[in-house]
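In what follows, a single structure is set out as structure tokens and then discussed.
The model shown is predicted, which means the values in this text are computed figures rather than measured ones. Residue numbering restarts at 1 for every chain, and letters A, B, ... go by the order of the sequence lines. Only heavy atoms go into these numbers, but all of them, side chains included; no hydrogens, no water, no symmetry mates.
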2 protein chains.
Amino acid sequence: MTITQLTYVLAVAEHRNFTLAAEKCFVTQPTLSMQIQKIEDELGILIFDRSKKPIQLTEIGNKIVTQAKNIVNESIRIKDIVDQQKGFIGGEFRLGIIPTIMPTLLPMFLNSFIKKYPKVNLIIEELNTEEILTKLHNNHLDAAIAATPLEDEKIKELVLYYEPFVVYVPEQHEFSSQKTIDPNQLDPNEILLLRDGHCFRDGILNLCQRRDNIHPPAFEIASGSFETLIKLADEGLGITLLPYLHTLDLNDKNREKLRQFRDPKPAREVSLIFPKSELKLHIIEALRSVINGVVKGAIAFHDVEIISPLSKK
Amino acid sequence: MTITQLTYVLAVAEHRNFTLAAEKCFVTQPTLSMQIQKIEDELGILIFDRSKKPIQLTEIGNKIVTQAKNIVNESIRIKDIVDQQKGFIGGEFRLGIIPTIMPTLLPMFLNSFIKKYPKVNLIIEELNTEEILTKLHNNHLDAAIAATPLEDEKIKELVLYYEPFVVYVPEQHEFSSQKTIDPNQLDPNEILLLRDGHCFRDGILNLCQRRDNIHPPAFEIASGSFETLIKLADEGLGITLLPYLHTLDLNDKNREKLRQFRDPKPAREVSLIFPKSELKLHIIEALRSVINGVVKGAIAFHDVEIISPLSKK
DNA sequence: AGAAAACGATAGCTTTTATTTATTGAAATG
DNA sequence: CATTTCAATAAATAAAAGCTATCGTTTTCT
């Protein structure tokens with residue numbers, strides 16, 4: 001039994017297809033087939049049920065895959081241990097970021113980071129929270145930036161900052177005359193929301209549903225971008241909530257329409273998250289320190305109330 | 001990097017000698033040397049400091065060895081998972097037993113066990129508690145039978161039975177007239193003890209030291225066997241304490257000299273212990289069930305007070 | 001139903017890697 | 001200073017992992 005064989009097993013388990021798995025492993029299909037057969041022979045069992053299409057794991061195959069993941073991950077970690085000892089910060093690093101954080105945070109730290117750590121090959125992907133968790137679990141991401149807490153057993157969270165919600169109120173709206181707004185004043189039926197799948201949307205729903213047990217509004221205009229929501233609000237279709245960093249980009253006219261919540265402001269907690277296995281911890285630590293550096297000046301709210309990003313269905 | 005290379009690294013780390021390590025791995029010394037060099041090259045570091053005699057681990061080498069142990073253990077475990085799935089109970093199984101349990105318990109279960117599980121190749125070693133813990137930690141034992149609780153983070157304990165201490169009182173002694181004895185009556189200075197290193201000795205010292213802060217007696221006659229202690233007691237040199245199972249072997253005349261403690265009797269807790277990694281759990285479970293079967297009739301004390309086997313130095 | 005495509009297994013061959021025996025060289029021992 | 005110990009090196013061999021080409025099913029698409 002070799003580590004190579006185990007990685008082949010994992011590839012087939014993932015793609016349910018020998019040919020595709022072979023490609024991903026950069027070997028030919030016969031090579032992979034034979035190595036899989038070999039480990040099956042050695043163990044005296046079948047890992048895959050080839051009679052089904054697509055290929056299925058056998059019962060014992062499932063257990064072996066779980067264990068194989070362990071072994072392969074731990075062996076990758078040896079290289080990380082060496083890198084860390086050498087003080088080497090480099091190599092491929094795959095980072096996921098949720099859409100509502102991506103456009104504001106990424107430009108703030110990306111430049112500093114790649115300058116400071118030129119040997120790290122950052123691969124950034126915009127993904128929603130659900131996709132991020134899946135990809136962290138199966139090791140397709142090394143870390144991610146998302147709203148927390150996520151209550152996931154296998155994920156570690158390193159809080160980066162707290163980002164308050166800010167209300168965007170068009171001129172004609174009743175709130176326009178208020179300096180600050182109490183979350184309890186919010187009417188969920190008039191809030192313009194991002195489309196389903198965004199945790200920022202879920203956060204706002206959580207914030208509203210606290211008031212009493214109101215269900216999500218009957219009619220919805222849901223968009224994928226805050227820009228759209230702002231324009232819709234300007235058209236008198238309701239109000240909307242923005243994460244603080246987004247408000248920094250507004251033009252002066254629109255900025256006048258912003259209203260802060262009264263303290264403690266509802267806010268989302270934004271964290272760097274990664275599997276507890278802590279692979280590439282040194283790069284994660286580097287990322288955290290760079291982000292903390294650029295963010296410290298821009299965003300330093302403390303008297304906040306953290307709103308869960310999880311949908312409470 | 002291969003699992004084989006990692007096992008070679010572990011062998012050298014353990015024996016601090018390439019030639020010996022090669023032997024233990026059943027390969028020649030050049031083979032092992034070259035594979036070690038290969039993994040060192042691949043990682044770009046030195047695992048061993050060959051300038052020192054005997055060979056030393058480098059700082060990074062130490063970390064790699066820790067991680068390598070993980071990987072090698074987890075990979076051994078794949079075979080165990082398969083065995084367990086197949087319901088196969090067999091293969092090599094190394095069991096340690098402490099000296100004060102060995103002669104009484106082993107004959108009770110060994111026959112049943114090897115009949116019931118003929119495919120298990122039991123390798124039994126008499127070792128004291130300290131040696132057992134070391135060997136469990138570095139995987140030279142699969143499990144052991146010892147007095148517990150041991151308060152060891154990495155060891156799991158499965159209680160087999162509670163074995164009361166019984167007092168052996170020669171005829172001329174004052175206790176001879178009593179039916180039961182209170183532990184507080186014991187005078188540590190007149191108790192004949194096993195020689196240092198036995199946890200049964202430590203248990204008795206713990207029992208006595210509870211009374212008040214008496215230190216171990218100034219003079220000592222310490223033997224390695226209960227038979228000696230009994231004869232010394234008969235010579236009027238003091239009294240001694242025996243574990244219950246040992247009293248079953250006494251002849252009728254000696255048996256009359258036994259006195260039970262009053263309830264709750266002080267007792268030692270005897271457990272099957274093994275690393276939390278739970279390698280070969282199926283065999284451990286088989287052992288437990290066989291031992292429980294034979295012991296249930298012979299020894300069923302419940303109203304006991306467990307005395308720690310650990311020396312409180 | 002029949003042709004085409006998809007997909008894994010097999011065969012034969014090549015390359016790479018692991019291991020062996022024999023030898024060397026350096027350090028420790030006596 | 002000779003001897004022993006012990007790891008490294010060299011050269012040869014055995015084992016394995018890999019490749020190309022092909023076959024045999026099964027699925028999919030006319």
Side-chain angles (χ1 to χ4, degrees), chain A residues 1-58 60-62 64-65 68 71-72 75-76 78-79, chain B residues 1-58 60-62 64-65 68 71-72 75-76 78-79:
Chain A
M1 188 179 64
T2 68
I3 295 173
T4 310
Q5 284 169 355
L6 295 177
T7 58
Y8 292 170
V9 168
L10 291 185
V12 175
E14 183 178 346
H15 299 104
R16 312 268 148 161
N17 175 317
F18 277 59
T19 314
L20 182 56
E23 249 173 62
K24 299 279 175 182
C25 294
F26 305 104
V27 292
T28 58
Q29 169 263 316
T31 299
L32 184 134
S33 282
M34 287 179 70
Q35 289 307 316
I36 299 265
Q37 281 178 38
K38 218 170 150 195
I39 190 174
E40 284 181 331
D41 282 359
E42 183 184 339
L43 297 176
I45 42 110
L46 285 178
I47 298 173
F48 298 103
D49 178 354
R50 292 145 170 94
S51 72
K52 297 204 178 103
K53 299 259 161 153
I55 269 181
Q56 289 298 304
L57 281 165
T58 59
I60 177 76
N62 240 310
I64 288 173
V65 164
I71 297 171
V72 172
S75 68
I76 289 172
I78 285 202
K79 295 196 178 87
Chain B
M1 188 180 64
T2 68
I3 296 173
T4 311
Q5 284 169 356
L6 294 177
T7 58
Y8 291 169
V9 168
L10 292 186
V12 175
E14 184 178 347
H15 299 107
R16 313 269 149 159
N17 176 316
F18 278 60
T19 313
L20 182 55
E23 249 172 62
K24 299 279 174 182
C25 294
F26 305 104
V27 292
T28 59
Q29 171 263 317
T31 299
L32 185 135
S33 282
M34 288 175 73
Q35 289 307 315
I36 300 261
Q37 281 178 38
K38 216 171 153 195
I39 189 173
E40 285 180 330
D41 282 357
E42 184 184 338
L43 297 177
I45 43 110
L46 285 178
I47 297 173
F48 299 103
D49 178 352
R50 293 148 170 90
S51 72
K52 296 202 177 107
K53 298 258 162 156
I55 270 181
Q56 289 298 304
L57 280 166
T58 59
I60 177 76
N62 241 310
I64 287 173
V65 164
I71 297 171
V72 171
S75 67
I76 290 171
I78 283 202
K79 296 198 177 84

Does [N] have OP1 or OP2 sitting under 4.0 Å from an N or O in the side chain of [X]?
| X | N | value |
| --- | --- | --- |
| K38(A) | dA17(D) | yes |
| S33(B) | dA8(D) | yes |
| N17(A) | dA6(C) | no |

Can you check the [X] [atom1] to [N] [atom2] distance for me, whole Å?
| X | N | atom1 | atom2 | answer |
| --- | --- | --- | --- | --- |
| M1(A) | dA17(D) | CE | P | 13 Å |
| Q37(A) | dA11(C) | CD | P | 10 Å |
| E23(A) | dG8(C) | CD | P | 11 Å |
| E42(B) | dT17(C) | CD | C1' | 13 Å |
| D49(A) | dG8(C) | CG | P | 13 Å |
| M34(A) | dT20(D) | CE | P | 14 Å |
| I39(A) | dA16(D) | CD1 | P | 15 Å |
| I36(A) | dA17(D) | CD1 | C1' | 14 Å |

Readout for nucleotides 22-30 of chain C: B = base within 4.0 Å of protein heavy atom, S = sugar-phosphate only, - = neither; 5' to 3' it is B-----S--
Tell me which of L20(B) and T2(A) sits closer to the 5' end of DNA chain D, going by the nucleotide each one is nearest to.
->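 Closer to the 5' end of DNA chain D: L20(B).
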Between H15(B) and A21(B) the two heavy atoms that sit nearest each other are ND1-CA, 4.1 Å
Where is the tightest heavy-atom contact between R16(A) and P54(A), given as atom of each residue plus distance?
-> O-CB, 3.9 Å
Can you tell me how far [atom2] of [Y] sits from [atom1] of [X], rounded to the nearest 0.5 angstrom?
| X | Y | atom1 | atom2 | result |
| --- | --- | --- | --- | --- |
| L32(A) | Q5(A) | CG | CD | 10.5 Å |
| D49(B) | I55(B) | CG | CD1 | 8.5 Å |
| T7(A) | E14(A) | OG1 | CD | 11.5 Å |
| I71(B) | M1(B) | CD1 | CE | 5.0 Å |
| L57(B) | I64(B) | CG | CD1 | 9.5 Å |
| L46(A) | I36(A) | CG | CD1 | 11.5 Å |

Select base, sugar-phosphate, or nothing to describe what T28(A) touches, counting heavy atoms under 4.0 Å on all strands.
->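 Base contact.
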Which residues within residues 3-16 of chain B lie with some heavy atom under 4.0 Å of an atom in DNA chain D?
-> none
Among the candidates dA8(D), dT20(C), dC19(D), find the nucleotide nearest to the side-chain atoms of T31(B).
-> dT20(C)
Options dG8(C), dA8(D), dA16(D), nucleotide nearest the side-chain atoms of R50(B) = dA8(D)
Just one of L6(B), L10(B), T4(B), V12(B) clears the side chain to side chain contact (heavy atoms under 4.5 Å, CB included) bar with Y8(B), so which one?
-> T4(B)
Heavy-atom side-chain contact between T58(B) and I45(B) under 4.5 Å | no
